[in-house]
Amino acid sequence: GVRKVRGGASFSGILSHDVVRSYCGITSAVYCASLALAPDLYNKLDTESRNDEETRSQLRSHALAMFGFPYIMYKCDSIENVLEACLIAVSSWGLLGGSVRFSRKFQSLGPLLDFATSIILAATLTASLKGFIKPQSALYLFATVSAGFGFLILLLPSIYIKNQDALPDETSKRRTRYLAADLIGMSTLAWNALDSSLPISHVALRSALAFLYVASPISTYHALIKKSQIAMFDAIVCDLGLLLILVASPTVLQPTQI
């Protein structure tokens, strides 16, 4: 049978998966809540940033896209949890965030595309949770679409920013690339969940790892090269998470023995 591990055992003798997941879960939950509820607080610490409505919208968008992470870090029991985390992410970012941005600026194509894509993904994931569609089909669609969006935004942030009516400055590009990291992380979550031999706790940590592989270099670059104070804070949080996963739980990257 397939081994489902809750993640309590220590694989490398340093830290258990539970500890590493708790760190990832708590930090992402704090980011989500603070960016969504008090974007001005983060923005005030960002010396490169303008304090306008578009900036607040960008920060909230990043926060909303991240909401699936705290959920999957704490609920790693089944494929349903992965579907639920994907649904939370797509509903909060695309449906909630997309509709808010779309209603504010009808002339923008970007929010409309986000919103329309999210409706399709949310409907597919919901149908899968209700048993109408196989989980594999819903996860495959979600993984493909979010990876496509993620890598496009990561490599060509200016195109996305232009369609969101934001100014294409360094700060906007950095935040847009953080959004790409969220999407790539969620895509990795769905993609790895297709492998039934992997315990869900491994799947969850691999998604965090994918997010950090993108977010850590971006925040570290802006901290060291661009001398951004808030990016320094981001970099410390991200790099510590990366270190915890790679040092404490190297088995996350290895194929699981069934």
Side-chain angles (χ1 to χ4, degrees), residues 20 23-32 34-36 39-52 54-70 89 93 110 146-189 205-250 252-253:
V20 184
Y23 173 84
C24 295
I26 290 164
T27 50
S28 58
V30 168
Y31 263 92
C32 283
S34 58
L35 290 179
D40 286 343
L41 185 67
Y42 181 91
N43 201 37
K44 208 179 276 180
L45 297 168
D46 196 341
T47 46
E48 301 174 299
S49 183
R50 297 177 317 280
N51 193 14
D52 56 14
E54 192 49 57
T55 302
R56 283 191 282 276
S57 173
Q58 269 185 342
L59 287 169
R60 286 201 175 103
S61 182
H62 170 40
L64 291 168
M66 218 175 171
F67 266 96
F69 282 112
W93 176 61
S146 50
F149 263 92
F151 283 107
L152 179 72
I153 292 170
L154 180 67
L155 300 172
L156 300 166
S158 300
I159 290 178
Y160 185 80
I161 293 165
K162 199 160 135 190
N163 281 316
Q164 300 291 341
D165 286 349
L167 291 173
D169 56 16
E170 281 297 317
T171 308
S172 287
K173 284 179 186 170
R174 185 181 93 236
R175 287 173 178 168
T176 302
R177 286 193 166 116
Y178 282 162
L179 175 60
D182 295 332
L183 295 171
I184 290 166
M186 289 308 293
S187 170
T188 305
L189 176 72
L205 279 177
R206 283 185 181 192
S207 74
L209 200 55
F211 166 77
L212 291 168
Y213 273 150
V214 179
S216 286
I218 293 163
S219 54
T220 305
Y221 167 77
H222 278 272
L224 299 177
I225 309 298
K226 299 289 181 184
K227 302 285 187 280
S228 165
Q229 290 175 314
I230 195 67
M232 180 66 80
F233 176 72
D234 294 342
I236 291 166
V237 174
C238 287
D239 295 348
L240 181 57
L242 203 53
L243 193 69
L244 283 177
I245 297 173
L246 293 175
V247 173
S249 309
V252 169
L253 298 169

Residues two or more places apart in sequence or in another chain: which of them pass side chain to side chain donor-acceptor pair (under 3.5 Å) with Thr27?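 Once residues adjacent in sequence are excluded, Thr27 has no partner under the side chain to side chain donor-acceptor pair (under 3.5 Å) criterion.
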With Ser216 via side chain to side chain donor-acceptor pair (under 3.5 Å) - residues at least two apart: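 Counting only residues at least two positions away or on another chain, Ser216 forms a side chain to side chain donor-acceptor pair (under 3.5 Å) with Asp239.
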Considering residues at least two apart in sequence or located in another chain, which fulfil the side-chain contact (heavy atoms from CB on, under 4.5 Å) criterion with [X]?
X: Pro70; result: Ser28, Ala29, Cys32
X: Leu156; result: Leu152, Ile159
X: Ser219; result: Tyr178, Asp234, Ala235, Cys238
X: Ser146; result: Phe142, Ser187

Looking at side-chain heavy atoms only, is the closest gap between [X] and [Y] below 4.5 Å?
X: Arg174; Y: Ile218; answer: yes
X: Tyr213; Y: Ile184; answer: no
X: Phe233; Y: Ile236; answer: no

Least distance between heavy atoms, [X] atom then [Y] atom:
X: Ala65; Y: Met186; result: O-CG, 4.5 Å
X: Ser172; Y: Thr176; result: O-OG1, 2.7 Å
X: Leu205; Y: Ile245; result: O-CD1, 4.1 Å
X: Arg177; Y: Ile153; result: CG-O, 4.5 Å

Which value, rounded to the nearest 0.5 Å, describes the distance between [X] atom [atom1] and [Y] atom [atom2]?
X: Ser207; Y: Asp182; atom1: OG; atom2: CG; answer: 11.0 Å
X: Leu183; Y: Phe149; atom1: CG; atom2: CZ; answer: 8.0 Å
X: Thr220; Y: Met232; atom1: OG1; atom2: CE; answer: 8.5 Å

Aromatic rings Phe69 and Phe211: how do their planes relate, parallel, tilted or perpendicular, breaks at 30° and 60°? tilted
